[in-house]
Amino acid sequence: MVAIGAAVKEPGSTRKNKTGSWRTFKPILDKETCIDCENCVMFCPEGCIDKNYDIDYDYCKGCGICAEECPVKAIKMERE
Amino acid sequence: MELPEKEFLAPGHRACAGCGATIGVRLALKMLGENTVAVSATGCLEVITTPYPETAWEIPWMHVAFENAAAVASGVESALKAQGKTDTNVVVFGGDGGTADIGLQALSGAMERGHNLIYICYDNEAYMNTGIQRSGATPYGASTTTSPHGKESFGEDKPKKNMPMIMAAHGIPYVATASISYPEDFMKKVKKAAEVDGPAYIHLQQPCTTGWGYSPAKTIDLGRLAVETGSWILYEIEDGEFKVTYRPIQRKKVSEYLNAQKRFKHLSDLEKETIQSHVDAICVELKI
Amino acid sequence: MVLKVMSSNQAIAEAVKLAKPKVIPVYPITPQTTISEYLAKYVADGDIKAEYIRVESEHSAISACLGASGTGVRVFTATSSQGLALMHEIIFAAAGLRAPIVMADANRALSAPLSIWNDQQDSISERDSGWMQIYAENGQEALDSVLMSYKISENKEVLLPTMVCVDGFILTHTVDPVDVPEEEEVDKFLPDYNPDHAYLDPERPMSIGTFTDPDYYMEARHDMEVAMEKAKTVISDVSQEFAETFGRKYDFIEKYRSEDADTILIAMGSICSTIKDVIDELREEGEKVGLVRVRVFRPFPVEEIYDAIKGASNVGVIDKNFSFSIGGVLHNNIKSMMDVNAAGFIIGLGGRDIKPSHIREVVEKTKNPSNKPLWIGLKEEQ
Amino acid sequence: MIEVRFHGRGGQGAVTAAEILAKAAFEDGKYCQAFPFFGVERRGAPVMAFTRIDDKPIRRRYQVYNPDYVVVLDDGLLEVVDVFSGIKEGGNVIINTNNGVENSNGVKINKIDATGIALDILGVPIVNTILLGAFAGVTGQVSIESLIKIINETFSGSVAEKNVKAAKMAYDAAKKG
């Protein structure tokens, strides 16, 4: 049974889809080096880095934008 | 500017790694907040965010077709008005194809009628959803699958359609260009767009890893290069008043931007010079 | 009951006024134009409290309807011919999104060659869209059908849009007496629309218009077919309630002197009025002729039609439309769904006036049927 | 049933005349139907409109081919349109003219200088209500009271007033013969 008009009543339900499995490289953030500039939070296409700079690996696709945009190189991309 | 914490586009969506469109949507929604209804044109964004039975949207969202997002939003806005819900933002996300090409008539109608809505064109400069076909927003010299370079061709042979100025010609209260690589500038413009009474149009350039041909990590870098070289200019037109909102301190050579992308790889030095002189002409006029 | 002399277009506008939609996006086109003008005037005078959107095309008219309907309000639009064709893509989307939109179509021929006059090719060509279709015989029925359509479309078991079709000019621009029901009675019959299946409301966010992969699409379309089937019961119930409230009873089909008829004609829309006159004449001449008027074309009333015609020796189906190589669409629908030997006739395309002599010719040729659909009123080659 | 055919030029109000006649007959307690011949004609081009009046509901939906009455709003049309076409035996034509119009066999012709009356009273050569007044006077198929009522509903203010005056004048003239 498909919902009427194939509407989806559960907001944000793509969370069921763990895109972390798409990843080849994994960002590792060194909180000691981090200067709290929010660049990585802002630029993450998945929105999966929170204000405490914890990365949600369930969804991180490993694009590497965060590492690229970190002004102090606090994020390293490591092979899964 | 304080970055609002709440996310309105959930992860788990099906965008390419390094997608620029979702960055733009995330930032825009942070500024608009939860009292917002979004309408999408058919395109990448619609397909990657709503694979039934899932949705990435945390706010009410509607999609009908490729060419009618502005008309659908007109109906949404009018209906909300009829119900006295005038404080709800209505935002439209259309790609460059859905905006500059097939959706232009509906968009023009909506702008001219003065609906209180915010139209954001997320411009990746070709039909990326269907595999990189040329759009009216594809820049001069870019190779796409329908404007390929070859023995007789250097790729797209027409300049990019000037959508923001077409919108400005409608006399709407707010028009702006933006880039995902300048988030504060973009978010300020979204806020202004939400505050004006009447239609607002923001043309957001958004690099596309797949269509432009660069490594996913470079998305923000490419957007920045476009602006730093003067290839994409950040401005706003508020009640008819034109203002450049960001000026690079030292304008970089356009070739630096072109050479970073596969879609321009085939260009000869001479063709790159032609592009440089086009950019120079505009930048000199705008004192960039 | 107070009868007023008015055109079908005005009757439709009166029905819309009574149905109280919140949003009316409309684009003028001949011969629908006066509907858009009446509604504009009613809104300008404050007689309808609605947002009237002066869209730049029919495509945007139906798109704006869908957006507005998505927020959970009642909407109305009207179109004709080229305008309906321009809406085509969104017509399908409206049904698929299960939006209970009611739209009037002033039936007009499709270009080319360009014609502003009546036939039913425009709406017939949308028969597979998932919209319910009602073909009105006169202005009274057009008004009543708009009111009933909202109640049918908005029923939770149905949730499919409805197209009320009226013959261009022959009805849209012809004035005759119409009973406009009282507002209080209509309010009781058709209360405000309060949907719970789809809405754009920040308080309870949902996504409408999603993307389905092969795991879901077929079921979604099948659900629409199930709803179209359920609509039959709902249409019967609503017709019954309408009859009890307003004293006018409508059914899927109307039978006119067909009970004992040897020859039965089947047709849709305003032509049926002329046919009835001709039947009366033929009956006086001793011929047992009757009419079955198909009023609801989608959902298609197979059992009702079959029951009405199974006793007749000769059946002739009259279409103001045709499908190339096959003939009239109503004719083919009937032949494909029931075991009857029915002759097919194409008539009145592009506004060709249909005279009693044409109907007599159809009756004669129904009694001596040809294998091929016949074009009636076609000029001999010069 | 009586059937009436109006001939006019776009802008002269033939379609409105057909509708006013229908509504006036309805006011008299009859059933009615009125419709234009559905043209794309612009201002000045020949147009037709039809009215049917009966004691019982009217069903038929085709053009009037055998009218009982023909109303011609402009004698210039005689050169381009066969206004007498199909008219019933003993039928009656009411025509706006200040010239001599040839009698056609068996058809009664009633001439009225409606343009003259229109220019005098309305100040514009719009003759539809005047011909309706004449129609009421000549045929007796509609009452002048109902006609006046519908003219007042169709127009407003001084336009309605002047049209009523003009229609009444034409009615009285026709009554006198």
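Every value quoted in this text rests on a predicted model; they were computed, and no experiment measured them. Order of the sequence lines fixes the chain letters, A, B, ..., with proteins taken first and strands second; residue numbering starts at 1 for each chain.
With sequence neighbours excluded, no residue forms a salt bridge (Lys or Arg N to Asp or Glu O under 4.0 Å) with Asp50(A).
To the nearest 0.5 Å, atoms CD1 (Ile4(A)) and CG (Leu160(C)) are separated by 10.0 Å.
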Pairs of donor and acceptor atoms, chain A with chain C, under 3.5 Å:
{"residue": "Ala6(A)", "atom": "O", "partner": "Thr210(C)", "partner atom": "OG1", "Å": "2.6"}
{"residue": "Val8(A)", "atom": "N", "partner": "Ser207(C)", "partner atom": "O", "Å": "2.9"}
{"residue": "Val8(A)", "atom": "O", "partner": "Ser207(C)", "partner atom": "N", "Å": "2.8"}
{"residue": "Lys9(A)", "atom": "NZ", "partner": "Asp196(C)", "partner atom": "O", "Å": "2.9"}

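Contact of Leu97(C) with chain A is made through backbone and side chain together, with heavy-atom distances under 4.5 Å.
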